[in-house]
Asker: 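This structure is in C-alpha cells; I'll ask about it shortly.
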2 protein chains.
Amino acid sequence: MSTTRGARQLTIKEVASHAGVSPMTVSRTLAGGRNVRPDLQERVMAAVRELGYYRNENARSLRPGQPSGLVGVAITNLANPYYGNFALGVEEVAAEHGRRILLGNTGEDDARERQLVSDFIGRQVDGLILVPTSGDAAHLRPERLGDVPLVLASRRVPGLDVDTVLLDDVGGSYRGTISLLDAGHTRIGFLGNRSSVFTGERRYRGYEQAMTERGVPIDPTIVARDQQDVEAASRAARAMLDREDAPTAIFSANNRNTIGALREIGRRIRDGLPGPRPAIVSFDDFELSELMPVPVTVIDHDARLLGREAAILLFSRLDDDSLDPAARTVELPVTVEHP
Amino acid sequence: MSTTRGARQLTIKEVASHAGVSPMTVSRTLAGGRNVRPDLQERVMAAVRELGYYRNENARSLRPGQPSGLVGVAITNLANPYYGNFALGVEEVAAEHGRRILLGNTGEDDARERQLVSDFIGRQVDGLILVPTSGDAAHLRPERLGDVPLVLASRRVPGLDVDTVLLDDVGGSYRGTISLLDAGHTRIGFLGNRSSVFTGERRYRGYEQAMTERGVPIDPTIVARDQQDVEAASRAARAMLDREDAPTAIFSANNRNTIGALREIGRRIRDGLPGPRPAIVSFDDFELSELMPVPVTVIDHDARLLGREAAILLFSRLDDDSLDPAARTVELPVTVEHP
DNA sequence: ATCAGGATTGGTAACGTTACCAATCTCAAG
DNA sequence: CTTGAGATTGGTAACGTTACCAATCCTGAT
C-alpha cells in the first residue's frame, strides 16, 4: 500500500530550478548565505517561501561529522509532574541550543530503556539524557554507546562513571528529619522506596543519619520502604497509624508516599478515628500543601532546573571538545520549607 | 573543532565484511531475514552483536516512501501535569506502533509553534500532534504541511478542518454549574480564560447555558476571564470574595484557577476573614481535592486518554490509505464527581 | 588593456541504506 | 545428464544534502 500519498517532500533541486540557480547556491543560501550574491539569495528565499520548502534534516545529518541536532531523553514516568518539569527543563535548554528532543517513557522498565536507547542511537542522536531504571547497565557502557555522550539524572547507575545531576537527597532528608526531631518528635515513621532505588537509599540515609545523630533509635515496625504508588503508600500509612505505638510524625521520601499518607490521615480525621494526627515531612513539593489538615514540611526542589542542568552538562560536552573527560556530578540544593 | 570524536558510527558495510557477506545480506537479515539462509542470518546477527551495530534510521528513511517513524508533538506547557499525561498517552500509543515522538514545548507562543512545526517537517515526521496556540493558522494549512497528517488536541484552530480530539467542555461545565444551582447557589462566580482561548470559550458557554436555563442572571462583576496562572487566579478570587455581594460558589474553568482560588480561600480561613466560604466546582482534577477546607466538585477527565485518542486518530490515517479524508472529531466524556 | 586575487557559481562524489535487477546456486523432474 | 523453477546472493543506483574542487566572474592595481 501507500505508493503515493499526495505530493512528496520538496527537494533542494526543485527550489534551485524554480529560482534559476544551482542546488549548491540554494544550499549555501540556506546555510547562511556566505559568498552568495544578495540578489540570488533573495531569489532563493522567495522560491523557498513560494514552494513551502523544508530542508531535509535527515539527509543533512547523513553527511559525516554533521550532528543530527537530536537529543534522546528517556524518563521513567511522564505522568509524574516532577518528570514533566524535568523534561521541560531539558527541552528549554535544548531549544536554546537549536536541538530537538526525542522523548521516551520507560515506565521503570529495563527492557524498554534498552529499546529506547538503541532506537535513539539508531536515529543518530547527538547525546542522551536518562533517568535510569535500576536494572542492568550493560547497554549504557561507553563501548555500546560509541561516541554518544550520556548524562544521568536523579539517579546513578552502579559502575557507570558518567556526568550526573542529582538532588541533595541525603542533606534534604537529614534536614527534614532534624526539623521533626527539633519539634520534639521521637517516634518518626518512614515511607519511601527500597534501597535498590537510588533515591530511596539516599533519602533513607538522610533520615537514618539524623536519627542516629540525635540518639533516637529507628523502629523498623514504622519504616515502610516498598511503596511505588499512592495506593500502597496509603495502606502503609494506615498500618503504621493503626498501631498502639503509632508514630507522631512521618517522614515521606517522595510525592507518591506523601499523597498516600495524607489521604489516609484525611480519612481518619473524616471518620473520627482516634490516634495521633502525625506531622509530615515530604520530600517533593505538591500543590496546596499549605491547606492540609496536618502541618506539612516540604523538602522542595526544582525539577525543571534539574532538567536544565542535565542539558547544560550534555551540551558542554558536545560543544567543547577540549573538556576534561572526567565525569562530573552536579548536586542541586533543596530547600526545607516549614508550614 | 570536532574532527574526530572517537569512533564514528558503524555501517552496514563493516558488519557485512565482519560476517563475510555482502551488505545486502545484512540489510535483508535486519529486515526480517526473508530469503536469507539461516546460517548466514546467524553469522550476521553475531556480527551485529559483537560490533554493537545500530542501523542508521536517518539514512534508512532517506529512501523514498520510507516513513521516518517519527511523530512531532507540540504542546503548550509540559510543566502542567495535564499535558504531561497527554504526552504520556501519545508516547504510549506511538510506542505500540513502533514510532518515536519528537517533543516540543510551545509555551503558548505562536512563533515557537511555527518554528517547531517547520523543524518537525524538516525531520520528516510521519505525522503531527498539536495542542495549538490560539494564533494564526497559516503554517498549519494542508498546502504548507504537504502530506503530513495533523491531529489537534484540546483545542480547535479556526478555519482548520482536521482531525481533532476534544473534551466535552461545554457539557462538563454545564453539569458542574447545574450541580451548584441544584445545591441552592444563585451567586456563582466564574474563573477562567478569555474567549479567544478555545476551552475558555467552551467552558464559559457551559456555565452560561446552565445559568440561563435556570433563569439565574450572570453578574459580570463576579466573572473573571483573564487569568493564566495561579497568582492571577488568586488575585481574581480575592477581588470577588472581598465584595459586599461575594459569590457563595465559584465555578473554576481550569486547574490553575482552582488552585489560585483555593489558596485565597485558605488564606481567608487562616486569617479569620469574614465572608462566605464558597463551594468550588473545578474543571480539571487535582490531587487531594477531597482534603480541601471547602467542598470541591471535580469535573474530571483523563488527559492520558486524550493523548491516546489523538495518537490513534493519527495512526489510523497513517496506516489506512483508504480512510475517508473527512476530518473527524472525538469528544471525550468528562465525569462530575461530588465531594 | 592586462593580470592577480578574491568572490561567486556549479559539478561531482559521498554519507548509509535498500529497491531493483542480474547472477548464481539448488534440486526435482524429465 | 539436462532443464527450469525457485531460492539465495550480490552489484548498482538512488534517496537529499553538502564538502571539495574547478570554473567563471569581478575588481582594482599596474
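This one's a predicted model, so the numbers in the text were calculated from it and none came from an experiment. Below, chain A is the first sequence line, B the second, and so on; all start at residue 1.
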Asker: Under 4.0 angstrom, heavy atoms only, what part of the nucleic acid is B/Arg60 near: base, sugar-phosphate, or nothing?
Answerer: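 Contact class for B/Arg60: sugar-phosphate only.
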Asker: Starting at atom CD of B/Glu57, determine the distance to atom C1' of C/dT17, rounded to an integer number of angstrom.
Answerer: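 In whole Å, C/dT17 C1' lies 10 Å from B/Glu57 CD.
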Asker: Should A/Gln66 be listed as having a side-chain N or O under 4.0 Å from OP1 or OP2 of D/dA19?
Answerer: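 True: A/Gln66 side-chain N/O within range (under 4.0 Å) of D/dA19 OP1/OP2.
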Asker: For A/Arg63, report the nucleic acid contact type (base, sugar-phosphate, nothing); a contact means any heavy atom under 4.0 Å.
Answerer: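 If one applies the 4.0 Å heavy-atom cut-off, A/Arg63 turns out to touch a base.
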Asker: For a quick test of reading the model, state the closest non-hydrogen atom pair linking A/Pro23 to A/Ala16 and the distance between them.
Answerer: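 That would be N-CB, 3.5 Å.
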Asker: Can you check whether A/Thr25 has a side-chain N or O nearer than 4.0 Å to OP1 or OP2 of C/dG10?
Answerer: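 A/Thr25 to C/dG10 OP1/OP2: side-chain N or O found under 4.0 Å.
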Asker: Starting from the C-alpha separation in whole Å, work towards a yes-or-no answer on side-chain hydrogen bond (donor to acceptor under 3.5 Å, both in side chains) for B/Arg156 and B/Thr329.
Answerer: CA-CA 10 Å; B/Arg156 258 189 226 289; B/Thr329 295; 3.3 Å; yes
Asker: So does A/Tyr53 get a side-chain nitrogen or oxygen closer than 4.0 Å to the phosphate oxygens (OP1/OP2) of D/dG16?
Answerer: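 Result: no.
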Asker: Expressed as a whole number of angstroms, how long is the span from B/Met24:CE to D/dA7:P?
Answerer: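 Roughly 17 Å, once rounded to whole Å.
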Asker: Quick one: is A/Asn35 getting a side-chain N or O under 4.0 Å of the C/dT8 phosphate, OP1 or OP2?
Answerer: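 Yes, such a contact exists.
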Asker: For A/Asp39 and C/dT8, give me the distance from atom CG to atom C1', rounded to whole Å.
Answerer: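 Interatomic distance, CG of A/Asp39 to C1' of C/dT8: 11 Å.
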Asker: At less than 4.0 Å, is any side-chain N or O atom of B/Arg37 found next to OP1 or OP2 of D/dT9? Yes or no.
Answerer: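 For D/dT9, OP1 or OP2 has a side-chain N or O of B/Arg37 closer than 4.0 Å.
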Asker: Can you see if the side chain of A/Ser22 gets near the phosphate of C/dG10 - specifically, an N or O under 4.0 Å from OP1 or OP2?
Answerer: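 The answer is yes; a side-chain N or O of A/Ser22 sits under 4.0 Å from OP1 or OP2.
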Asker: Is A/Glu57 salt-bridged to A/Arg99, cutoff N-O under 4.0 Å?
Answerer: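 Looking at A/Glu57 and A/Arg99, the cut-off is not met.
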Asker: What's A/Arg55 touching, base or sugar-phosphate or nothing? Going by heavy atoms closer than 4.0 Å.
Answerer: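 Contact class for A/Arg55: sugar-phosphate only.
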Asker: Please figure out whether B/Ala59 or B/Pro38 has its closest DNA chain D nucleotide nearer the 5' end.
Answerer: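 Upstream on the strand: B/Pro38.
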